[in-house]
Each structure stands twice: as structure tokens, then as C-alpha cells.
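Reviewing the structure listed below.
Order of the sequence lines fixes the chain letters, A, B, ..., with proteins taken first and strands second; residue numbering starts at 1 for each chain. All heavy atoms count here, side chains included; hydrogens, waters and symmetry mates do not.
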Amino acid sequence: MEEKIAIIEALLFASEAPLTVERIVLTLPDTEKKEVVSLLEGLIREYDARGGGICLREIAGGFQFRTRTDLSAWVRKLKVGHPALLSPAALETLAVVAYRQPLVKAEIDRIRGVDASGALRGLLEKKIVRIVGRKDVPGKPIIYGTTRKFLEVFNLKDLSELPTLRELKDLQEQQE
Amino acid sequence: MEEKIAIIEALLFASEAPLTVERIVLTLPDTEKKEVVSLLEGLIREYDARGGGICLREIAGGFQFRTRTDLSAWVRKLKVGHPALLSPAALETLAVVAYRQPLVKAEIDRIRGVDASGALRGLLEKKIVRIVGRKDVPGKPIIYGTTRKFLEVFNLKDLSELPTLRELKDLQEQQE
Amino acid sequence: MSYEIKLDVFEGPLDLLLYLIRKNEIDIYNIPIALITEQYLSYLDLMRSFNLDLAGEYLVLASTLIHIKSKLLLPPAEGEGEEEEGEDPRAELVQQLLEYQAFKEAALSLDKRPLLDRDVFTRGAASEEEQTSVEEADDELIEVDIFELVTAFRRIIVGLDRKEELDIDTEKMSLTDRINEIMERLTEEGQISFADLLGDRTDRKRIIYTFLAILELMKLRMVRAYQSESFGAIRLFPAVEGRGEG
């Protein structure tokens, strides 16, 4: 394969947004716009003829590799059960619960300085936080704690394996 | 092209992380692990023979499309900002963790002859190193190890692919 | 001075020592300690004169070198056979240097690999499927690191009263483990006796933590404890029936 095509292919693949012809021309020295367009057209034809899982398409004024549309059902199947990430709010709430449990929501709100209802609901749904019980005081507030799944997610034998703030501080202080 | 290969190619392309054979088998019905492996090997050969801008590689226990190493200068030109490079201190610390894991910080400090806190923290933040657990000795020190991201960043199939550490010749032998 | 630029590139005392050994083309197994000690110390002086922060480890190695040097000057103790594998005072240091050198080389070879986002790149764009959110699976996997969790906690705590920073001790966490366990069983079984809670595992630590956990739960008004007669079985009940968010 001609080296120029290989370079364009690498650029297309690594680019975050659809790649414009202008951008390719800027990156490759001594290359005319016309030449780039014809190389791109060649690439599109090559991938289409090959009939593989990927194709090159002109999108939003640029060019981008995509999975073949008729294979989307398979790709969606792959995405199910993809590990979820915790939002910063969820992570903070979880941290407070983990280190201060068993505790009531009012205490979480106080420490975080914001209402933790939304984040807490999400954590309950994900089953990493649970209702431990209720307090026998007026209002019967709910007490929260972490679950066994929490230990699994963080790969901990038990809660005493949680790193302490002091340990984190030790790691930090040397940085200056 | 056989439809199965096209599907696998689409899955590989769509997956954010290196895709394991197990995952492919789970997604494709009536497909044996052995068959998937041989199809993957075929794809690797096909892309290599084609000499285009992308190649398929076995990384971190899975398979992933990557740009060809020798085209890196071109792709870097396209990407804004420079990748966060690891400092020599970070690399040394990482080498010790990679070869001696699971291990505690005191062992890293001993081998490097300096306090590794700062470097270790940086590696934890980059998610190249992680907290594995605690050692069951007085003080319960934290044990560290490398992550899957370490394999992804350093282009490794698994830890056994690390080049062997230069043999530490026994002092006595050497003197004879 | 050729070594001016070298001053802050050392990764530590061992690195400096290796540099001196290489510079002098010395056999690492047979280090002329007097010469190396002298050069090492003058480097430290130089570093000091440039007001560079000298990590304590540099001084530790300096004293080790001086110690080895003085040992080598002493005549061998009487009766010590010549051919015996006499302890070379340098042996430990050499071993340490060799080990460090091996890792230093390993670090360099790691850096020579095709690194992600430096030499190789993965697909840059998010695929169409990633952009549209996927329905959450029932038993969802969560990808998060313990280090992120502590960092998040520290971020919050730092803004608070210093008292909050009182360290989390592992004792408290062991207690919390027991509390969670007790409450879990209480929700399942409705009530439970102290003896049941202990089960077969009656080691001292477990008895103490179980007892402390119950006291804590009573203080928190989460359980009630009843005893039908003196010295009779203590039974625990949830303080408030029912669960679920209300």
C-alpha cells in the first residue's frame, strides 16, 4: 500500500471527530487537496469491496470510520453489561458512606454540603449502598451502610482494608 | 468476507477496551473459542499483509485495533496537546511494581533508595498502578500492583510478556 | 563544569553512585571505596552549594560509604582464613546497586516499548453506540478504583473542621463490618440471639467486636436487646420494623 494512504488511514482512525480533507492536507506535506480526495474515495471503495465490519463514511463535512450499519445489533449486544462509571457526586457520597457508616442521610448532606438524595438513590439501585436499618428516634431516619457488592467492586476483603486518610496523605506529601 | 469475521471486526472496532475472546464468544452464538481465536489470527495477518495505517494486536488479555507504530509522528501531529509522559522516577517505580508485584511501598523505597511516595501517587492517579489489598503483618501495609491499563499503555499481552529482568548475578559467583 | 547540569537528574543516591561508577569506568564488583566516597561527598557539597534540596537518603548513603571505608582500613581479624568467603564490607552495597541497576534498565526498556498515545493510538472517536446510552443491565458492573474513593473522601474532608480528619482506624472499620453483618442477619431473621451471632467462631477478637457492635447499635438506637431472665439468652430485635425508603 502506498505510504500516504496508510498515513491517512491512521489519521482517520485516531481522530476524535470526522477528519476534514483540509486537515489531512495540513498534516501531509506536498499533498494536494485533489489527491487526498481521490485517496479517500479509494479507501471507501476498498473497505466496501472487502465487506468487513468497518467502513469509511463522509460525515459532518469530514471522513470517519464506522461500524457497518447492518451489524449494529451485534455491537449493541456487546455494549450491554459494559462497566459503569460512578459520577463524582456518587463517588463522594459513596466515600462518605463507606468511611462514616452506619449513618443517616442528614449526616451525608452535612459532610458533603449538598443534598445527597439523587446520588444516594443511584448507589442504592446499583446495590453498593443499602439500608442498614432505622433509628428509633423521632422521624425514624434511615441508616445507610455499604454492601457486600461494595467490597467486591473495590476488591476488599473487609472494611478494615479500606485505605486510611493518613495513608493517602503519606503518598501525597512527598510530591512537593 | 465471512459474516462472522465482519461481526468480530465490528465488535473489535466498537469496543473501547481490548476485547477478550470470551466476550466475543458470549456475543456470537454457536461459536467456539477455538474458532474465534483462529479468525482473530487471520484478521491480524490480513491487516499486517495489507500494510495500512491500522493493525490488530493482542493487548492486556484482549484484542484491539491500533495505529501502526512507525506512523506515530503523523498521528501526533494531528493530536493536540502532548501525552502525559512518565518521569524517570515514575518509570523506575513502575518497573519495580511491575516486576515485584504484589509489593508494599517499603520494598519500592528500599530498591530505589529514595522515598517513592510522589511517584507512586502519580501512578495511582494515572490508574497504571492500583491498591491490591493489605499485607497481613503488623501495621497492615498497603500492597500495590499494576492494572490492566498498565498492559494497555505499554502494549503488553500480559505480565509474562515483560522482558525478563536482568539476572542479578550472585556476588560470590562473580568473584570466583 | 561538566556536571552542573547533572545535579538534579539523579533519581536518588544509588543513581548518583552508579553514575560515578560508570564515569570512572570502575568494576562494580570491585569498587575502590576511598575514591568513590570522596567523589560522592564532593557531589553532595556541590549540590548543597547550589542550594539544592538534599534528600535525607543521600546522607544515609554517605555515612554507609564512610562506614565501609573505615571497615576496609581495619586489618582482618586474627584467625580469619584467607580463602574463606570473608565478608567483603562492600557486598551488601554492591548487591543493592546491582538490583537497582536491573530495575533502572527495566524502566528504560519499558519506556522503549510502543506506548499508547505516544507511539500507538486507538480509535479516537466514540462509536455511535457509545453516544446513545445503553439501558442498564440488572447486575451492573461498576468500574472504580479504591484510590479514587479515598481521594474523593479526602477532597470532602479537607474542607471541613479539622476534627473530622481524626484518622479512620481499622478498629472502627472492623466494628462496622460486624454491625453490617448483624443488621443483615436481623433483616433476614427478624430476631437473633447473641450466641447465634457468634456461631462456631468464638475467638476472642470476634466476641469482643460482636459485643462492641451491639453496644454501638443500641447507642445508635437501631436495635433493642432483651433478656428474659438474668444470665438468660440475650435476643436482639430491630428497633424499627420494616425497611424500604419511606
- request: Let me know if C:D119 has heavy atoms under 4.5 Å from chain B in its side chain, its backbone, both or neither.
  value: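 The answer is both parts of C:D119.
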
query: Can you say whether C:T122 sits under 4.5 Å from chain B via the side chain, the backbone, both, or neither, judging by heavy atoms?
result: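 When you check distances to chain B, atoms from both the backbone and side chain of C:T122 fall under 4.5 Å.
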
Spacing of [atom1] belonging to [X] relative to [atom2] belonging to [Y], to within rounding of 0.5 Å:
X: B:R66; Y: C:L116; atom1: CZ; atom2: CG; value: 4.5 Å
X: C:D111; Y: B:L94; atom1: CG; atom2: CG; value: 10.0 Å
X: B:L85; Y: C:L115; atom1: CG; atom2: CG; value: 8.0 Å
X: C:F121; Y: B:K79; atom1: CZ; atom2: NZ; value: 6.5 Å

Checking heavy atoms, do the side chain of [X], its backbone, both or neither come under 4.5 Å from chain C?
X: B:Y144; result: neither
X: B:R110; result: both
X: B:F65; result: backbone
X: B:Q64; result: side chain
X: B:P163; result: side chain

query: Hey, are the side chains of B:R112 and C:K104 touching, using non-hydrogen atoms and a 4.5 Å cut-off?
result: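 Not in contact.
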
field: Side chain proximity check, B:R121 to C:T151, heavy atoms < 4.5 angstrom
entry: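 B:R121 vs C:T151: side chains touch.
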
- prompt: What residue in C:S109, C:G56, C:A106 has the most heavy-atom pairs under 4.5 Å with chain B?
  reply: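 Ranked by heavy-atom pairs under 4.5 Å with chain B, first place is C:A106.
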
field: Largest heavy-atom contact set with chain C, pairs under 4.5 Å, which of B:V96, B:I131, B:L124
entry: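 If we count pairs closer than 4.5 Å to chain C, B:L124 comes out on top.
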
- request: Examine distances only and state if a side-chain atom of C:E57 and a backbone atom of B:D115 form a donor-acceptor pair shorter than 3.5 Å.
  value: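 It does hold such a pair.
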
